[in-house]
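All remarks here apply to the structure that follows.
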There are 2 protein chains.
Amino acid sequence: MSDELLMVRAAELYYEDGKTQDEIGALLRTTRWKVGRLLAKARDRGIVRIEIVHPRARRLSLERLLREQYGLADAIVVPAADDADVQASVSRAAADYLAALRPIPRVLGISWGRTLSAVADRLTPGWANEVRVVQINGGISLSSAPGAGAGSAASTAALIAHKAGGQAILLPSPAILEHAATKAAIESDRTVAGVLELAKTATAFLFSAGVADGSSVLVESGYLSAADVDELVQQGAVGDVVGRFINAEGEIVDPALDARTVGVGHDVLREASTSVLVIAGRSKHPVARAVVSSGLCSVIVTDEETARALTQDSAHGASHGTEQGASHVA
Amino acid sequence: MSDELLMVRAAELYYEDGKTQDEIGALLRTTRWKVGRLLAKARDRGIVRIEIVHPRARRLSLERLLREQYGLADAIVVPAADDADVQASVSRAAADYLAALRPIPRVLGISWGRTLSAVADRLTPGWANEVRVVQINGGISLSSAPGAGAGSAASTAALIAHKAGGQAILLPSPAILEHAATKAAIESDRTVAGVLELAKTATAFLFSAGVADGSSVLVESGYLSAADVDELVQQGAVGDVVGRFINAEGEIVDPALDARTVGVGHDVLREASTSVLVIAGRSKHPVARAVVSSGLCSVIVTDEETARALTQDSAHGASHGTEQGASHVA
DNA sequence: GAAATCGTTGCTCATATGAGCACCAGTGGC
DNA sequence: GCCACTGGTGCTCATATGAGCAACGATTTC
């Protein structure tokens with residue numbers, strides 16, 4: 001009997017029939033040690049597949065790979081849902097993660113957008129006490145577009161703060177201004193400067209990233225035109241983080257535009273000990289890769305498919321050891 | 001945390017992360033015993049799914065159920081293949097089973113048809129020594145239809161015998177005759193009678209079953225017209241075994257037709273200690289059920305889907321104990 | 001209110017299992 | 001031919017795990 005077939009028989013008898021390795025050894029005319037090794041080989045060759053089917057399950061092996069490949073402090077990967085509620089699972093996972101985050105942040109910096117709004121919705125009331133939730137990029141002054149509804153910048157921060165019995169500190173400024181001078185002026189204003197100062201002292205950041213295309217909230221909110229975004233893409237933009245557009249290397253694409261953007265800079269996120277990226281969906285794979293490989297986040301919360309894309313693609317700066325993440329079954 | 005979620009967490013840490021139950025207990029603030037119970041529950045609730053993916057894998061748990069529900073001596077169930085090669089897997093399994101059959105039959109009775117031909121093809125040369133392979137139902141005289149090719153009745157028996165270095169004994173008679181009198185006459189012929197006598201002494205039988213519709217080999221070979229089959233269906237026929245049509249209860253549908261059919265009767269199969277039914281495909285579920293629940297076979301070789309259909313449907317004579325077939329993982 | 005019953009919990013103990021190690025057989029270089 | 005070497009094999013031993021059991025608490029039943 002071929003070696004592979006032997007593995008199959010052993011696996012059947014062990015996992016399906018509940019026989020002990022010793023019994024299988026007798027049945028297959030070998031020793032129990034050989035059976036043990038056969039089973040081990042069957043497992044990592046993928047002949048035996050062990051899967052945990054549950055919407056709230058996680059993919060610990062992928063998480064480990066992500067941490068190792070990108071030097072992240074933590075990674076949360078939820079299974080790819082059959083339908084399109086990846087967004088829902090991921091934002092719930094992010095809410096769970098935030099609630100379980102220790103030490104509980106006293107000041108939490110957040111961005112805004114569809115994803116953050118979804119996270120806020122799923123947060124358990126009472127997830128923390130006395131947390132000050134600070135907006136880290138502008139976006140409240142322009143009236144929200146019809147589609148945005150209640151999920152706009154201000155209400156996201158307010159909701160998160162409310163559920164923690166804390167206080168929301170909004171950034172009273174547009175996301176992007178028309179002139180760099182105006183931006184400088186508004187940032188020097190006491191109110192805005194104060195908020196930004198506070199934001200920089202945040203003990204944790206929670207943000208998502210946008211795709212550089214017409215679907216961006218920045219376009220939807222009217223800060224940018226579709227043409228603007230097209231040009232950014234020409235320059236290599238893959239998406240935006242807190243309103244600032246980056247290329248695949250995580251670098252600011254258009255310094256001039258960046259100089260008109262209000263909010264904490266990427267350096268703050270890079271230096272923070274806890275900056276959590278929440279990101280889901282196939283369209284966001286390129287941005288996710290840019291963020292994660294340029295060290296913009298220290299924690300990622302994402303879906304299985306994105307995680308696989310990030311780990312399988314070798315086009316990232318493979319500086320960290322890529323140790324075998326062999327899964328093990330007792 | 002809900003109980004189910006606790007199971008999920010424990011399963012993740014155990015199966016994905018390779019942690020010990022003790023460690024998980026510490027992590028989840030419980031005892032290792034509770035973790036063990038959580039894992040057990042997760043397994044039989046199907047949250048943890050352990051699957052063996054291999055074309056030659058078997059479904060031991062289903063086999064056990066089949067044996068118990070129908071009082072079979074043995075059952076072989078191969079996984080449902082993604083594509084349409086269920087036929088191929090099942091016939092290979094049947095060939096394997098035949099080769100592994102102990103005691104090695106000295107006289108093997110076989111039927112003929114597409115399935116048996118496929119089994120013969122997959123049999124390993126040298127699977128046995130000195131086996132006499134006897135045809136148990138007629139079918140060599142009419143020239144085979146264009147489609148049947150080399151897989152006709154005679155060549156199947158010859159091939160099986162050849163691969164065992166044995167001898168094929170063909171039944172020199174049509175499958176179905178036009179008049180009962182002719183049938184009686186031919187059966188009393190010394191040659192035919194001798195073969196039938198030998199067939200009755202077979203130590204093992206290997207056969208398949210046909211569906212009662214136009215696709216039947218009996219129609220294809222010209223023994224019956226489509227209209228004949230329609231009428232049989234009217235009378236409750238679900239399919240044929242060795243050329244004899246049965247209803248869902250396994251009873252002969254049309255005694256007059258049966259009296260014109262040459263070959264060993266169903267009583268011989270029922271009384272044989274080893275009569276192996278090889279059957280695959282959704283269209284054959286009804287016949288399979290009829291054969292299996294009426295005791296026409298003592299061993300079944302089939303695909304997962306058919307096995308599930310047989311076990312799940314409660315319309316069979318549930319005389320045998322249906323003990324829990326709980327699968328177990330150490 | 002008392003009793004009975006059921007499911008849960010933490011335990012003891014026997015056992016199944018994996019890690020680590022010495023050893024052997026085949027294999028290829030010299 | 002000789003010798004290092006690799007890959008597999010059977011072993012010992014520490015450990016992880018499940019079966020079984022007694023105690024407990026909750027819920028139902030009278």
Side-chain angles (χ1 to χ4, degrees), chain A residues 1-54 57-58 60-61 64-65 68 321 323-330, chain B residues 1-54 56-58 60-61 64 68 321 323-330:
Chain A
M1 185 144 50
S2 93
D3 207 42
E4 186 163 328
L5 201 48
L6 224 47
M7 285 172 13
V8 174
R9 294 283 166 261
E12 288 165 355
L13 293 165
Y14 190 74
Y15 289 108
E16 273 211 75
D17 225 20
K19 293 208 185 303
T20 154
Q21 298 189 1
D22 217 354
E23 292 176 290
I24 299 170
L27 239 54
L28 264 49
R29 309 175 190 293
T30 24
T31 60
R32 66 182 194 77
W33 297 282
K34 177 147 187 171
V35 174
R37 283 169 188 135
L38 242 28
L39 287 172
K41 210 152 64 169
R43 261 174 264 135
D44 66 41
R45 275 220 213 167
I47 290 179
V48 172
R49 191 174 296 162
I50 300 182
E51 210 185 345
I52 297 164
V53 285
H54 194 283
R58 282 164 51 186
L60 266 36
S61 40
R64 196 181 318 116
L65 271 166
E68 285 165 0
E323 199 175 300
Q324 269 275 4
S327 93
H328 154 96
V329 176
Chain B
M1 186 142 52
S2 92
D3 207 43
E4 186 163 326
L5 201 48
L6 223 49
M7 286 171 15
V8 174
R9 293 284 166 261
E12 288 164 357
L13 293 165
Y14 190 75
Y15 289 107
E16 272 211 75
D17 226 20
K19 293 207 185 303
T20 155
Q21 298 188 2
D22 218 352
E23 292 175 289
I24 299 170
L27 240 53
L28 263 50
R29 307 173 192 296
T30 23
T31 59
R32 68 183 193 76
W33 298 284
K34 179 145 185 171
V35 174
R37 284 169 189 137
L38 242 29
L39 287 172
K41 209 151 65 170
R43 261 175 265 134
D44 66 41
R45 276 219 214 169
I47 289 178
V48 172
R49 190 175 297 164
I50 300 181
E51 210 184 346
I52 298 165
V53 285
H54 194 284
R56 300 190 65 171
R58 282 165 50 186
L60 265 36
S61 41
R64 198 181 318 115
E68 285 164 1
E323 199 174 303
Q324 269 276 3
S327 94
H328 152 97
V329 177

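Since we're looking at a predicted model, the values are computed, not measured. Just so we're on the same page: letters track the sequence lines, and every chain starts at 1. Excluded from the calculations below are hydrogen atoms, water molecules and symmetry mates; all remaining heavy atoms, backbone and side chain alike, are included.
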A:Glu23 meets the salt bridge (charged side-chain N to carboxylate O under 4.0 Å, His left out) criterion, sequence neighbours left out, with none
A:Arg32 meets the salt bridge (charged side-chain N to carboxylate O under 4.0 Å, His left out) criterion, sequence neighbours left out, with none
Find the distance [X]:[atom1] to [N]:[atom2] and express it as a whole number of Å.
| X | N | atom1 | atom2 | value |
| --- | --- | --- | --- | --- |
| B:Gln21 | D:dG18 | CD | C1' | 8 Å |
| A:Arg37 | D:dG10 | CZ | P | 8 Å |
| A:Lys34 | C:dT17 | NZ | C1' | 18 Å |
| B:Leu28 | C:dG10 | CG | P | 13 Å |
| A:Ile24 | C:dA16 | CD1 | P | 12 Å |
| A:Lys19 | C:dT15 | NZ | P | 18 Å |
| B:Leu39 | D:dG18 | CG | C1' | 12 Å |
| B:Arg29 | C:dT9 | CZ | C1' | 19 Å |

Assert: residue with more 5' nearest nucleotide on DNA chain D, out of A:Arg32 and A:Lys41, is A:Lys41
Item to check | Salt-bridge contact A:Arg45-A:Glu4 (side-chain N to carboxylate O under 4.0 Å) | outcome: yes
- Is the base of C:dT8 touched by the side chain of B:Trp33 through a donor-acceptor pair closer than 3.5 angstrom? no
Tightest non-hydrogen contact, residues A:Gln21 and A:Gly36, listed as OE1-CA, 3.4 Å
To the nearest 10 degrees, the angle between the two end axes of the helix from C:dG1-D:dC30 to C:dC30-D:dG1 (five pairs per end) comes to 30°
Phosphate contact (C:dT17 OP1 or OP2) by A:Tyr14 side-chain N/O below 4.0 Å: yes
**Request:** Report yes if at least one side-chain N or O of A:Thr20 is closer than 4.0 Å to OP1 or OP2 of C:dT15; otherwise report no.
**Result:** no
Mind running side-chain contact (heavy atoms from CB on, under 4.5 Å) on B:Val35 and B:Thr31 for me, showing each step along the way? CA-CA 7 Å; B:Val35 174; B:Thr31 59; over 6 Å; no
**Report entry** Expected output: side-chain A:Glu51 to main-chain B:Arg49 donor-acceptor under 3.5 Å
**Finding:** no
Handout entry: Pair B:Tyr14-B:Arg9, side chain to side chain donor-acceptor pair (under 3.5 Å): steps then yes or no
Key = CA-CA 8 Å; B:Tyr14 190 75; B:Arg9 293 284 166 261; over 6 Å; no
